[in-house]
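We name chains A, B, ... by the order of the sequence lines, and we start the count at 1 in each one. Computed over heavy atoms, backbone and side chain alike; hydrogens, waters and symmetry mates excluded.
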Amino acid sequence: MAAPYNPQQIEEKWQAAWEKSGIYKARDFDKRPKFYSLVMFPYPSGDLHMGHMRVYTISDVISRNRRMLGYNVLNPMGWDSFGLPAENAAIKHKLHPGAWTDKNIKYMRDEQLKKLGTSYDWDREVTTSSANYYHWTQWLILKLHEAGLLYRKSAPVNWCPQCETVLANEQVENGACWRHPETPVEQKQMSQWFLKITAYSDQLLDDLDKLTGWAERVRLMQKNWIGKSEGAELNFTVEDKPNVRITVFTTRPDTVFGVSYLVLAPEHPLVKELTTDKQRAEVEKYVEVAKRKTELERVAADEKSKTGVPIGAHVINPFNGDAVPIWVSDYALMSYGTGAVMGVPAHDERDFAFAKKFNLPIKEVIAPEGKAQGELKEAYIEPGIMVNSGQWNGLPNEDAKKKMVDWAAQNLSGKPRTQFRLRDWLISRQRYWGCPIPLIHCEKCGAVPVPYDQLPVKLPTEGITFTGQGGNPLGKAADWLNVKCPKCAGDARRETDTMDTFIDSSWYYLRYCDANNDKLPFAKDKVDYWMPVDQYVGGIEHAILHLLYSRFITKALRDLKLVSCDEPFSNLLSQGMVTKYSQQSGRIEKMSKSRGNVVGTTDFFKKFGADAARLFTLFAAPPEQELEWSEEGAIGQFRFLGRVWRLVQDLIDSKAILNAEGKPAAPPEGIRAYGNLDQRGKTLLQSIHATVKAVTDDLSPQRYQFNTAIARCMELVNGLYKFTYESDSDGNGKESSGGEPGVRSNLTQQEKELLSFAVCNLLRLLAPMAPHLAEELWHQSGCARSAEDFIHTSEWPTYVPELTVSDTIELVLQVNGKVVGKTHVPRGLPDDEARNLALSDEKVKSKLSGQEPTKVIVVPNRLVNVVIPGQGK
RNA sequence: GCGCGAGUGGCGGAAUGGCAGACGCGCUAGACUUAGGAUCUAGUGUAGCAAUACGUAAGGGUUCAAGUCCCUUCUCGCGCACCA
């Protein structure tokens, strides 16, 4: 009796053997076609659970499949290891963030990712918090500084009081910090470092069209985030002050005759200047209140709670000379457009609500049929014909738009303008555990870059304590802080802000191409060989932040001639999250520690093995969908693996698949013709070829349907059981009753070759998904030529298209589209014969009851549909 | 509110416009047993003894033929949301 399937034992054995062999090393400049397979690298939080494992499994299957298909695969892994949790852990445990991080990395790498059976090239491991990585983050940021893309300015910024740091716009969600939605961010005026991502707004938007390998919804999210609006600037002159003009941005210059007021943002510099004495007290109070409002409160305000105060002054509409009042209201944002908005209540929902509340005139200037509708119940925002608009009356509003902007340009009262929602990327963080910004502040010279030969600016460890109070510990490290200016050698201070960790992760895929370079971040020729990434796999939560930043950095580095590609990720697979029932909430929720519904990796691997875990996460749902973790389902995969194991053991024990030398009995080229096989053998051979085709297609980038790939393997295994155990005569199943079930004793030599061929192919099809079991049986069954001949470097099986389909088919007979019968016919039966066959069928005849059919549709090799008249539907 | 996406057995999910429910979980029955998170065999959409009828959120349409394409409605999920 063969040994039972013991995953733990074989998994450890092969993980060690693979590591020793180096079969997963990527080779720079190899002649094989390259395939760069990337998975979003983790933050080393300390413990991965089954929810995390899904993404690594998917990416690993793709990598292994491509490798077997003959590609030179780069499949690297690393750690996004700067960031707040390490610093918070340091405060809590009185441990340096670096020590905490290193400990976590070691555990996650050696006890979790390796034990999952991943095929990473660990020689290229990167850790963003190590000096040999952040050295080059600093190098790159200085290059961006030289290119004018890094600048410092004082601006109102989002401050998270809990993180004690500023945040990028992208990291503010509903007015709260992305890390804790319960903490509203505050507005602070601070001098901060920004990256000029807006210089690339147009490219980032236009090139989305090139990304055909991305899901439409991800592209759409980026498009909306960039938020391009075409419109115009229009200048309104202040009444009685001909030298003072207020410029508004509008996407609807065609509605300018309907302006009945103008709004300034509370922060707008002209508010103070223009407010009349009479209104001053009220306006100042309003501005004060608006300033104190958090972003959250401003966002939460709906139309009914619109607020505002007239400042007493008026402006002249450049188109018709009307004077309209100026208001201050916080629905105008200083950070968008010009901070001033023209109010057109008749054709803007927001303005309509504002006018209703404050009793401002509503003047209709666009009407559906060119006739004014009179009193409006709501804003009319559809296209229409111009009315009440002087010389433009009667024009379609879209035509008027262009002409009116032209007119404004000629009269110096406006010009076309494109406005983006995207803002520059605020990268300063007032925290210790991040990459130091390599600049030095000198009173005389300003902000001076640290010379390249003095990089990296290392994070100091001396004199640093983590108390969680009093701000950034870097500000207290006197030895580190006080330096001489590189330019004038005078006294100067280091920048104490560190970089947003999204900087680290927006170039790590480039570092993988040349991870051990100690002269440069990467050699250009290596990056040009590997880039772009052929398949990126990761969570949808990065649809905007990380992916947009990475695209920007790639484009900026392209313009600096440091890389050649301009889009980093050709294909993106956004895998769905893993969920599980949570005792805490009583609902099915995303698997996470805080929800108390995690399934750990270690226990599961010990009991059922990594292969079963991999198979279940692949099988239970298509990769882009949500997946509910089910212990029973996972055990089901363990049973399937056991079924494969027992079958192959049985075949080996009974000498059914090995020849006298202990090698597979199948001819080396496989079995590519029916030969003398009987029907049962033909069916199995066909099933083998069909399975190879189906799994090959399912694993291809066009599909990535791992669930059906596994289902097809299961079908083949079921077929093999039938073929192997079912005796000819009684058909009573596994060697009838009693005793050890056994392999059919009457196997012919040809059938043994067939079985042998089946096993070699089945194992290779399973290899990407269940790498350990496949490897073990590959060697046991003698398919391996030596102990070093790994299944993962073997060739992916091929199929003969003609053998993927049977030579007879079941022809479906329909009457008016309903199935009335089926009949077996040879494949390729001529249409007229199929037609005659259908018309002579008893059931069809009885339905016809003597009538002539109106029509007979023949779908070759599928069905015949007889259409009978007058029977309705 | 706007924009995407999805609704298929008890459950997860399959189906280039051509036999709905592959494959698995669960369940039922049988066999076997060195009792193992066993294994093997058969069955399992609903109603019915059956023939058969009905079935892919609801309604309509296109088509010889619709889960699949079109329109309307409903439900759920996701994203964005004072962006002028």
Legend entry - Gap in Å between the two P atoms, one belonging to B/G43 and one to B/A22, rounded: 12 Å
Inset, instruction - Identify which nucleotide among B/A15, B/A84, B/G18 has an atom closest to any side-chain atom of A/Arg862, counting heavy atoms from C-beta outward. - result: B/G18
Legend entry - Gap in Å between the two P atoms, one belonging to B/U75 and one to B/G13, rounded: 23 Å
Inset, instruction - Provide the distance between the two C1' atoms, one in B/G17 and one in B/C25, to the nearest whole Å. - result: 31 Å
Legend entry - Protein-nucleotide distance (A/Glu541, atom CD; B/G77, atom P), rounded to Å: 19 Å
Legend entry - A/Val819 vs A/Ser335, nearer the 5' end of RNA chain B by closest nucleotide: A/Val819
Legend entry - Rounded distance in Å between the C1' positions of B/U68 and B/A20: 11 Å
Legend entry - Base B/C64 paired with A/Lys855 side chain (donor-acceptor, <3.5 Å): no
Inset, instruction - Take atom P in B/C71 and the same atom in B/C76, then report the distance between them in whole Å. - result: 22 Å
Legend entry - For atom CD1 of A/Ile809 and atom C1' of B/G18, their distance in whole Å: 12 Å
Using nucleotides 23-29 of chain B, report all nitrogen or oxygen pairs with the protein that are shorter than 3.5 Å.
residue, atom, partner, partner atom, Å
B/G24, OP1, A/Asn718, ND2, 3.3
B/C25, OP1, A/Arg639, NH2, 3.3
B/G26, OP2, A/Arg639, NH2, 2.9

Legend entry - 5'-most by nearest nucleotide on RNA chain B - A/Lys818 or A/Val866: A/Lys818
Inset, instruction - Rounded to whole angstrom, note down the P distance from B/C70 over to B/G1. - result: 24 Å
Legend entry - Which nucleotide in B/A15, B/A81, B/G13 has an atom nearest any side-chain atom of A/Pro622: B/G13
Inset, instruction - Among B/G37, B/C64, B/C83, find the nucleotide with the atom closest to the side chain of A/Leu333. - result: B/C83
Inset, instruction - Choose from B/C19, B/C64, B/A22 the nucleotide whose nearest atom is closest to any side-chain atom of A/Ile857. - result: B/C64
Inset, instruction - Nearest whole angstrom, please: distance from the P of B/A38 to the CG of A/Leu641. - result: 16 Å
Legend entry - Option from A/Leu839, A/Val844, A/Asn865 for which side chain to side chain contact (heavy atoms under 4.5 Å, CB included) with A/Pro853 holds: A/Leu839
Inset, instruction - Considering only atom P, compute the distance from B/G37 to B/A42 and round it to an integer number of Å. - result: 25 Å
Output one line per pair: protein atom, nucleotide atom from nucleotides 2-9 of chain B, and distance, for all N/O pairs under 3.5 Å.
none

Inset, instruction - Write down the distance between NE2 (A/His268) and C1' (B/A84), rounded to a whole number of angstrom. - result: 13 Å
Inset, instruction - Could you please name the option among B/A81, B/G18, B/A15 that lies closest to any side-chain atom of A/Gln814? - result: B/G18
Legend entry - Bracket string, RNA chain B, 5' to 3' - pairs by Watson-Crick or G-U geometry under 3.5 Å, | interstrand: (((((((..(((.....[....)))((((((.......))))))(((....)))..(((((..]....))))))))))))....
Inset, instruction - State yes or no: are the ring centers of A/Tyr261 and A/Phe358 separated by less than 6.0 Å? - result: no
